[in-house]
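We use all heavy atoms of the structure for the numbers below, so side chains are in, but hydrogens, waters and symmetry mates are not.
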Amino acid sequence: NLPNSYVKIPIVEMNDNNEDTKKITPYDTMEKFINLINVKFLNGCIYCYNNRFYESINDTRLSNFIIHYFRDDVSRKGNGRFVDEVIVLLKKEPRIVFDEDDISKQYVSFENGVLNLRDYCLYPSSHIYFTFYCVNANYLTTENPATPTFDAFLETVSQGDQCLIKRIWEMIGYILAGDTSAKVIFLLQGVSNSGKSVLTEVISKLLSKNAVITLDVHDLCTEFATAE
């Protein structure tokens, strides 16, 4: 699946009739890639902007991107090494490298725009905001929008404890926000059928798939658990 949402400019047929095949280099194709797609490199991973957020793209999908968008270049070279060399160059290109400090932690991507958590203004989605997931919902500017079904659920699972309800709302807000400066985790404890699984399922559905992972608590002790 290679939607046009990754492309920042229209794809135009290039006149290569007089181009010498031997002059096509991985660097040339890398330049075309950068000009066509908003791409970033962080902590060993390539991220491509999909019109809502920067999505992590593994090497297999990256190879598919290169072959799909630059098939002429690949066919002229006629070998798989060419694609691998383009990927290597992408990961070494200093123009697309950025670090943790560049992440837009004050912004949250929604389906209808990007929310600034400092002024609570909604801005049009753009590649200038370095967000890495999206909330699968529209941000409503209505003050205190009605949520009767979820309110009833919270009343039931909390047994009417308003302090607990407020804490659950704060937990949801913290999970959806990109700012993790509080450095906390949340543990849901209670008897069976008390709403824990339903609550975690609701939160999971709110986030794009790339932002959610399911791990057994014992897996957190392993060396690479969080990297999965």
S.K.: Can you tell me if S109 uses its side chain to pair, donor with acceptor, with the backbone of R52 under 3.5 Å?
M.R.: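 Indeed, once roles are kept as given, a pair shorter than 3.5 Å links the two residues.
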
S.K.: Specify whether F186 and Y174 have parallel, tilted or perpendicular ring planes, treating 30° as the upper limit for parallel and 60° as the lower limit for perpendicular.
M.R.: perpendicular

S.K.: Measure the OG-CD distance between S194 and Q189 for me, rounded to the nearest 0.5 Å.
M.R.: 10.0 Å

S.K.: With a 4.5 Å heavy-atom cut-off, do D59 and D84 have their side chains touching?
M.R.: no

S.K.: Heavy-atom distance under 4.5 Å between the side chains of K40 and I46, does that happen here?
M.R.: no

S.K.: Kindly say whether T25 contributes a backbone atom to a donor-acceptor pair with the side chain of K77 at under 3.5 angstrom?
M.R.: no

S.K.: Measure the spacing between CD1 of I175 and CD1 of I185 and express it to the nearest 0.5 Å.
M.R.: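 Result: 11.0 Å between the selected atoms.
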
S.K.: With a 4.5 Å heavy-atom cut-off, do C48 and Y54 have their side chains touching?
M.R.: no

S.K.: Check the orientation of F130 and F98. Use parallel for under 30°, tilted for 30 to 60°, and perpendicular for over 60°.
M.R.: tilted

S.K.: At what distance, to the nearest 0.5 angstrom, does CD of E93 lie from CE of M30?
M.R.: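 Going from CD on E93 over to CE on M30, the span is 4.5 Å.
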
S.K.: List the steps, then state whether ring pair (Phe, Tyr, Trp, His ring centres under 6.0 Å) holds for F132 with Y47.
M.R.: CA-CA 8 Å; F132 297 93; Y47 293 83; 4.8 Å; yes

S.K.: Taking everything shown except R118 itself, do over 12 heavy atoms lie less than 6.0 Å from its CZ?
M.R.: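 Counting neighbours around CZ of R118, 12 or fewer heavy atoms of other residues, nucleotides or ligands fall under 6.0 Å, so no.
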
S.K.: Same cluster or not: L36 versus I24, using hydrophobic residues (I, L, V, M, F, W, Y) connected whenever any side-chain heavy atoms lie under 4.5 Å apart?
M.R.: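 Yes, because L36 and I24 connect within a single hydrophobic cluster, where side-chain heavy atoms sit under 4.5 Å apart.
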
S.K.: Out of curiosity, D179 CG to S104 OG, how far, rounded to the nearest 0.5 Å?
M.R.: 12.0 Å

S.K.: Within a strict 4.5 Å, meaning less than it, do heavy atoms of the E155 and D151 side chains meet?
M.R.: no

S.K.: Taking everything shown except N193 itself, do over 12 heavy atoms lie less than 6.0 Å from its CG?
M.R.: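 Result for CG/N193: open.
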
S.K.: If I take atom SG from residue C163 and atom CG from residue D161, how far apart are they, to the nearest 0.5 angstrom?
M.R.: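 If I round to the nearest 0.5 Å, the distance is 6.0 Å.
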
S.K.: Measure up the Y107 and Y123 rings against each other and bin them: parallel (under 30°), tilted (30 to 60°), perpendicular (over 60°).
M.R.: perpendicular

S.K.: Could E31 and R95 be called an ion pair, given the rule that one side-chain N must be under 4.0 Å from one carboxylate O?
M.R.: yes

S.K.: Walk me through whether Q106 and N116 qualify under side chain to side chain donor-acceptor pair (under 3.5 Å).
M.R.: CA-CA 6 Å; Q106 73 187 71; N116 187 332; 3.2 Å; yes

S.K.: Give the cluster check for V88 versus F65: same hydrophobic cluster or not, with ILVMFWY residues linked at side-chain heavy-atom distances below 4.5 Å.
M.R.: no

S.K.: Under the 3.5 angstrom rule, does the side chain of T131 hit a backbone N or O of V108 as a donor-acceptor pair?
M.R.: no

S.K.: Under a 3.5 Å distance rule, please check whether N112 uses its side chain to pair with a backbone N or O of Y139 as donor and acceptor.
M.R.: yes

S.K.: List the steps and the verdict of side chain to side chain donor-acceptor pair (under 3.5 Å) for T29 and D73.
M.R.: CA-CA 7 Å; T29 304; D73 290 5; 2.9 Å; yes

S.K.: Is any side-chain heavy atom of F70 less than 4.5 Å from a side-chain heavy atom of V83?
M.R.: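 Counting from C-beta outward, F70 and V83 never come under 4.5 Å.
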
S.K.: Count I, L, V, M, F, W, Y as connected when their side-chain heavy atoms are under 4.5 Å apart, and connections chain through other members. Are I172 and L207 then in the same cluster?
M.R.: yes

S.K.: CD of E111 to OG of S125: how many Å apart, nearest 0.5 Å?
M.R.: 10.0 Å

S.K.: Assess the residue pair K209 and E55 against the criterion (salt bridge (charged side-chain N to carboxylate O under 4.0 Å, His left out)); give the C-alpha distance rounded to whole Å, side-chain angles, the decisive distance to 0.1 Å, and a yes or no.
M.R.: CA-CA 10 Å; K209 291 183 178 180; E55 180 183 355; over 6 Å; no

S.K.: Just wondering, do F33 and V39 contact through their side chains at under 4.5 Å, heavy atoms?
M.R.: yes

S.K.: State plainly whether one hydrophobic cluster holds both F53 and L206, where clusters connect Ile, Leu, Val, Met, Phe, Trp and Tyr through side-chain heavy atoms under 4.5 angstrom apart.
M.R.: no

S.K.: Going through the checks in order, is the side chain to side chain donor-acceptor pair (under 3.5 Å) test met by D72 and S75?
M.R.: CA-CA 5 Å; D72 286 347; S75 65; 4.6 Å; no

S.K.: Taking side chain as C-beta onward, heavy atoms only, is I37 less than 4.5 Å from Y69?
M.R.: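 In short, these two side chains touch, coming nearer than 4.5 Å.
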
S.K.: Side-chain heavy atoms under 4.5 angstrom apart, residues restricted to Ile, Leu, Val, Met, Phe, Trp, Tyr: same cluster for V212 and M171?
M.R.: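 Yes, V212 connects to M171 through the hydrophobic network.
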
S.K.: Between N136 and K205, is there a side-chain heavy-atom distance shorter than 4.5 Å?
M.R.: no

